[in-house]
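Notes follow once the structure below has been shown.
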Amino acid sequence: MRTHTCGELRPDHLGQKVTLAGWVRFSRDHGGVLFLDLADAYGTTQVVFDPEAMEDRAAVEGLESLFKTFGRESVISVHGIVRNRVEGTEDARNPTGQVEVFIETAELLNRSRPLPFEVAEQKGSLLPGEDLRLRYRYLDLRRTEMSNNLRFRHRVIAAARRYLDGAGFVEVETPTLTRSTPEGARDFIVPSRITPGSFYALPQSPQLYKQMLMVGGIDRYYQVARCFRDEDSRSDRQPEFTQLDVEMSFVDETDIQGLIERTLASMWKEIYGKELPIPFPRVTFYDAMHHYGTDAPDVRYGLELNDVTDIVERSNYEIFHRVLSKGGRVVCMNVKAEYTHATSADDTMVGRNEVDRLIEWAKGQGMGGLTWMRMIEGELTSNIVKYFPDDVRAGLIERLDAKEGDLLLFLAGSEIAALKAGGELRRKLARDLRLLEGKDHQFVWLVGCPLFQRDPLTGQLETFHHPFVRPDGCLGEGGDDTCMGGRSYDLVLDGSEIGSGSMRCHDPEVQRQVFRLLGMSDEKIESDFGFFLEALSYGAPPHGGIALGVDRLVSIMLGTESIREVIAFPKNKKFQGLMDRSPAPVEESRLAELQLLSLAGDEEE
RNA sequence: GCCCUGGUAGUGUAGCGGCCUAUCAUGAAGCCCUGUCGAGGCUCCGACUCGGGUUCAAAUCCCGACCAGGGCGCCA
């Protein structure tokens with residue numbers, strides 16, 4: 001159908017008879033000579049209808065009438081000779097811009113209706129609304145940016161596959177129709193026709209299957225796995241998403257972490273041609289929370305938090321005392337002078353007005369407000385500094401390493417609230433002060449997470465990650481099991497969690513103890529996880545693994561605002577497929593055979 | 001469930017109580033033009049999300065709904 005692609009022709013091809021096929025992206029009719037930019041996945045080539053240079057008048061008339069009949073984004077093929085462009089009209093921006101194809105014959109392969117939005121990139125023409133892009137995703141994907149995003153994603157996944165294959169990993173597919181288990185996110189439910197009243201769940205992840213592959217002796221498993229979670233979406237969360245899922249037997253956490261580091265390093269080498277420094281730094285959960293105010297720290301810039309409760313409790317500042325009397329904490333951040341004293345009109349300056357705005361912002365974060373002090377002529381100054389005795393001020397200066405011009409910001413509240421607000425403040429300032437411009441990506445491992453946490457409302461013990469994490473010690477041997485650490489590790493990239501993994505409970509008794517601590521009855525354990533515990537009881541090897549969020553990883557590598565930019569056919573915020581208009585009602589007869597008719601009746605009115 | 005932001009021609013926007021018969025660009029339709037490459041020139045088409053309210057007067061202010069996005073909760 002074609003002899004070359006639209007990105008292929010060079011001066012080497014001069015004089016050759018070629019056939020190209022593609023979409024008509026632009027056309028320029030000069031009232032005699034007609035230029036078309038013919039585009040396909042590989043590039044754009046200028047093809048020319050030049051009637052004066054043609055001898056066959058019948059052919060001229062045929063082409064003239066043909067070119068009147070279709071518009072932009074119609075699909076045509078042209079046959080003609082590769083020739084040099086007229087001297088001085090070469091297009092240096094286009095790899096094919098030295099040459100053009102002189103059209104001898106052309107064929108309309110398919111016409112396009114007038115477009116709902118412009119596919120061709122144009123200066124100053126902004127993207128249409130996202131709902132329209134999703135409604136006509138196939139047109140959106142024709143845009144170079146989207147096309148590049150999907151091709152980039154492919155290279156990321158291909159690089160991972162290549163590395164893992166070379167390291168002896170076996171890609172195994174696991175079921176999509178699975179059993180619903182009580183733990184974790186809300187399941188998507190699929191009714192069974194053969195067993196009416198019973199349901200499958202779409203997998204939240206292949207967790208149990210990959211562990212049983214380890215029991216089955218696969219030893220090194222991976223999968224580019226589709227996962228489903230019926231929880232509300234975010235810019236980095238979709239109801240269906242893709243994980244690079246890995247599991248290994250006879251390993252400990254350093255083996256898994258090393259493998260992932262090497263996989264990502266080889267990916268970096270292939271894609272960026274750069275060395276990715278490994279090993280990645282480790283940050284403990286405790287340090288992450290106390291210095292970054294989040295379990296997904298972005299370590300590419302400073303502004304770390306410091307707990308100064310022990311210092312400021314010796315002050316006379318009523319606001320702090322009120323918080324401290326309720327068991328709260330005060331955290332402090334030093335915004336260094338180089339950030340606060342930028343050129344005066346610059347929008348990165350943090351002057352008095354900006355501090356006032358930060359105070360308002362802090363109130364919006366659920367804080368009572370925000371307290372500040374500025375280091376001027378060797379002294380901390382502010383409207384409330386009189387409540388802070390000399391030794392308190394000296395203590396603050398020392399702990400925060402305050403230098404001339406530095407701005408100290410204090411947040412007071414319950415420990416978790418103060419730290420989380422501090423973490424948000426860090427992120428906000430990094431954005432406002434443009435601290436991230438030009439920074440390389442930075443991976444870190446988050447380690448030392450607890451095994452359990454308590455629901456702040458119900459007091460119920462919950463897992464910090466999931467119930468299959470191996471405890472970092474022996475359960476039930478005195479001490480408080482609820483304070484047990486877990487042998488887990490999260491991979492964080494630029495302040496986003498992109499992976500989570502752990503050593504697993506391969507001993508069925510340990511696994512059973514974890515379930516019990518979570519408040520599950522023996523009957524419940526047996527009914528929901530009996531099959532799994534049984535598998536562990538037949539010689540399960542010590543094993544562990546990790547899963548990386550492919551959508552997030554690719555999105556961060558490309559710097560896109562949301563993961564929808566790196567997914568071919570994403571859902572909108574309400575989980576609707578705007579292109580195929582899913583979800584959609586089904587016929588009653590189909591509900592009937594699933595014994596779901598009673599639900600259909602609720603649709604009335 | 002809650003909070004925030006936004007809904008103006010096919011698309012992207014301006015306007016934010018009377019200068020609105022609503023701006024500009026792009027697009028579509030048509031005409032002109034032989035070297036452009038986001039071609040150019042001319043003509044023409046086309047919109048205030050919906051429902052209440054305030055007002056002499058509403059695209060503009062208020063209330064509610066709907067739609068979209070961001071966030072909180074949620075996401076083991």
Side-chain angles (χ1 to χ4, degrees), chain A residues 25-39 44-53 68 71-73 83-94 96-97 100 102 112-136 139-140 181-187 204-205 207-208 227-239 241 361 364-366 420 424 427 449 451-453 455-457 460-469 486 488 497 500 502 514-515 518 520 547 549 561-562 564 572-574 576 578:
Chain A
R25 198 117 303 161
F26 291 109
S27 66
R28 295 174 291 280
D29 182 355
H30 286 254
V33 62
L34 172 71
F35 299 98
L36 302 175
D37 287 341
L38 198 64
T44 305
T45 299
Q46 174 166 285
V47 299
V48 192
F49 170 49
D50 191 354
E52 288 214 341
K68 283 193 177 121
R72 286 185 177 196
E73 294 300 317
R83 70 182 189 188
N84 262 322
R85 295 200 182 183
V86 171
E87 177 108 21
T89 66
E90 301 88 352
D91 184 1
R93 294 165 301 179
N94 188 340
T96 68
E100 62 191 13
F102 171 71
S112 170
R113 299 165 57 184
L115 300 162
F117 59 85
E118 286 168 57
V119 171
E121 270 85 353
Q122 298 215 29
K123 200 193 302 174
S125 81
L126 296 171
L127 280 178
E130 195 171 13
D131 46 346
L132 202 70
R133 291 175 58 202
L134 294 181
R135 164 84 177 79
Y136 300 99
L139 293 178
D140 194 36
T181 57
E183 292 296 321
R186 195 178 295 116
D187 287 321
Q204 297 172 29
S205 78
Q207 183 66 33
L208 293 177
C227 308
F228 306 86
R229 293 180 191 176
D230 189 4
E231 298 291 349
D232 290 356
S233 68
R234 290 288 185 277
S235 59
D236 63 353
R237 279 176 11 202
Q238 282 270 303
F241 60 99
W361 172 88
Q365 293 291 308
K420 281 194 167 177
E424 287 304 317
R427 288 168 39 136
C449 290
L451 192 59
F452 301 109
Q453 61 189 352
D455 185 306
L457 294 177
Q460 172 64 46
L461 202 63
E462 303 172 326
T463 54
F464 192 85
H465 283 103
H466 59 57
F468 314 109
V469 176
S488 65
E497 183 196 308
S500 185
S502 70
V514 171
F515 286 141
L518 293 171
M520 295 174 66
E561 286 292 317
S562 99
R564 294 187 297 276
N572 72 359
K573 200 176 185 188
K574 287 187 178 165
Q576 295 161 325
L578 292 179

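By convention in this document, chain letters (A, B, ...) are assigned in the order of the sequence lines, proteins followed by strands, and residues within each chain are numbered from 1. Atoms considered below: every heavy atom in the structure, side chains included; atoms not considered: hydrogens, waters and symmetry mates.
In this structure, V48(A) and V33(A) have side chains that are in contact, with non-hydrogen atoms separated by less than 4.5 Å. Residues F468(A) and S502(A) are not in side-chain contact: their nearest non-hydrogen atoms beyond the backbone lie 4.5 Å or more apart.
Within 6.0 Å of atom CZ in R28(A), more than 12 heavy atoms from other residues, nucleotides or ligands are found, so the atom counts as buried in its surroundings.
If you take atom C1' in rG38(B) and the same atom in rG27(B), they sit 13 Å apart, rounded to whole Å. Nucleotides rG51(B) and rC56(B) are separated by 23 Å at their P atoms, to the nearest Å. Distance noted for atom C1' between rU13(B) and rC50(B): 22 Å (whole Å). On the C1' atoms, rC31(B) is 40 Å away from rC67(B), given to the nearest whole Å. Rounded to whole Å, the separation between the P atoms of rG35(B) and rA25(B) comes to 25 Å. The gap from the C1' atom of rC62(B) to that of rU55(B) amounts to 12 Å, rounded to the nearest Å. Comparing the P positions of rA65(B) and rU5(B) gives a spacing of 16 Å, expressed to the nearest Å. rG17(B) and rG6(B) have their P atoms separated by 15 Å, with the value rounded to a whole Å.
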Sequence-aligned protein contact record of nucleotides 45-50 of chain B, with B where the base is within under 4.0 Å of a protein heavy atom and S where only the sugar-phosphate is:
------

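The side chain of R28(A) places an N or O atom within less than 4.0 Å of a non-bridging phosphate oxygen (OP1 or OP2) of rA39(B). Using a 4.0 Å cut-off, no side-chain N or O of S233(A) falls inside it from OP1 or OP2 of rC75(B). Between R234(A) and rC72(B) there is a side-chain N or O to OP1 or OP2 distance below 4.0 Å. Applying the 4.0 Å criterion to OP1 and OP2 of rG71(B), one finds that Q365(A) has every side-chain N and O outside that range. OP1 or OP2 of rG70(B) sits under 4.0 Å from a side-chain N or O of R564(A). Taking 4.0 angstrom as the limit, R93(A) places a side-chain polar atom (N or O) nearer than this to OP1 or OP2 of rG38(B). The phosphate of rG27(B) has OP1 or OP2 within less than 4.0 Å of a side-chain N or O from R72(A).
Atom pair K68(A):NZ and rC32(B):C1' shows a separation of 13 Å (rounding to whole Å applied). Rounded to whole angstrom, the span from the CG atom of L134(A) across to the C1' atom of rG69(B) amounts to 11 Å. Look at CG on D131(A): it is 12 Å from C1' on rG6(B), rounded to the nearest Å. In this structure, L139(A) places its CG atom 16 Å from P of rG27(B), rounding to the nearest Å. Look at NZ on K573(A): it is 13 Å from P on rC3(B), rounded to the nearest Å. Rounded to an integer number of Å, the gap from F49(A) CZ to rU36(B) P is 19 Å. Between L132(A) atom CG and rU8(B) atom P there is a gap of 12 Å when expressed in whole angstrom units.
The residue T96(A) sits apart from the nucleic acid: no heavy atom pair falls under 4.0 Å. Among the atoms of the strands shown, none is found under 4.0 Å from any heavy atom of E462(A). D37(A) comes within contact range of the sugar-phosphate backbone alone, with a heavy-atom separation under 4.0 Å but no base atom that close. Using a 4.0 Å heavy-atom criterion, one finds that E424(A) contacts no nucleic acid atom at all. E100(A) comes within contact range of at least one nucleobase, with a heavy-atom separation under 4.0 Å. No contact: L34(A) has no heavy atom under 4.0 Å from any strand. Among the atoms of the strands shown, base atoms are found under 4.0 Å from some heavy atom of P467(A). As judged by a 4.0 angstrom heavy-atom cut-off over every strand, D29(A) is placed among the base-contacting residues.
Taking only distance into account, the side chain of R83(A) meets the base of rG35(B) through a donor-acceptor pair shorter than 3.5 Å.
Here H30(A) does not lie in a stacked arrangement on the base of rG35(B), lacking the combination of planes under 30° and ring centres under 5.5 Å apart. Residue side chain F35(A) meets the stacking definition with respect to rU36(B): its ring centre sits within less than 5.5 angstrom of the base's six-membered ring centre, and the planes differ by less than 30 degrees.
Electrostatic pairing of R564(A) and E130(A) counts as a salt bridge here, judged by a charged N lying under 4.0 Å from a carboxylate O. In summary, R83(A) and D50(A) engage in a salt bridge, as defined by a charged side-chain N under 4.0 Å from a carboxylate O.
Rounding to the nearest 0.5 Å places CG of D91(A) at 8.0 Å from CD of Q46(A). Between the CZ atom in F26(A) and the CD atom in E73(A) there is a gap of 9.0 Å [rounded to 0.5 Å]. Rounding to the nearest 0.5 Å gives a distance of 10.5 Å between CG of L451(A) and NE2 of H466(A). Note that the CD atom of Q238(A) and the SG atom of C227(A) stand 13.0 Å from one another [nearest 0.5 Å]. The distance from the CG atom of N572(A) to the CG atom of L578(A) is 4.5 Å, given to the nearest 0.5 Å. Atom-to-atom distance recorded for F49(A):CZ and F35(A):CZ is 12.5 Å, nearest 0.5 angstrom.
Ranking rC74(B), rG70(B), rC75(B) by closeness to the S562(A) side chain, first place goes to rG70(B). Comparing rG35(B), rG73(B), rG69(B) by their closest approach to the side chain of R237(A) singles out rG73(B). Of the listed nucleotides (rC67(B), rC33(B), rC74(B)), rC67(B) has the atom at the smallest distance from the side chain of K574(A).
Judged by closest nucleotide on RNA chain B, P128(A) is the one of P128(A) and E231(A) placed further toward the 5' end. Projected onto RNA chain B by closest heavy-atom contact, F26(A) and D50(A) fall at different nucleotides, the more 5' of which corresponds to D50(A).
Here the closest heavy-atom approach between residue W361(A) and residue E424(A) is recorded as CH2-C, 3.6 Å. Contact record, L518(A) with L461(A): CD2-O, 3.8 Å, taken as the closest heavy-atom pair.
Consecutive pairing runs in RNA chain B reach the stem threshold at B:1-7 with B:66-72, B:10-12 with B:24-26, B:29-32 with B:40-43, B:49-53 with B:61-65, where a stem means at least three Watson-Crick or G-U wobble pairs with distances under 3.5 Å.
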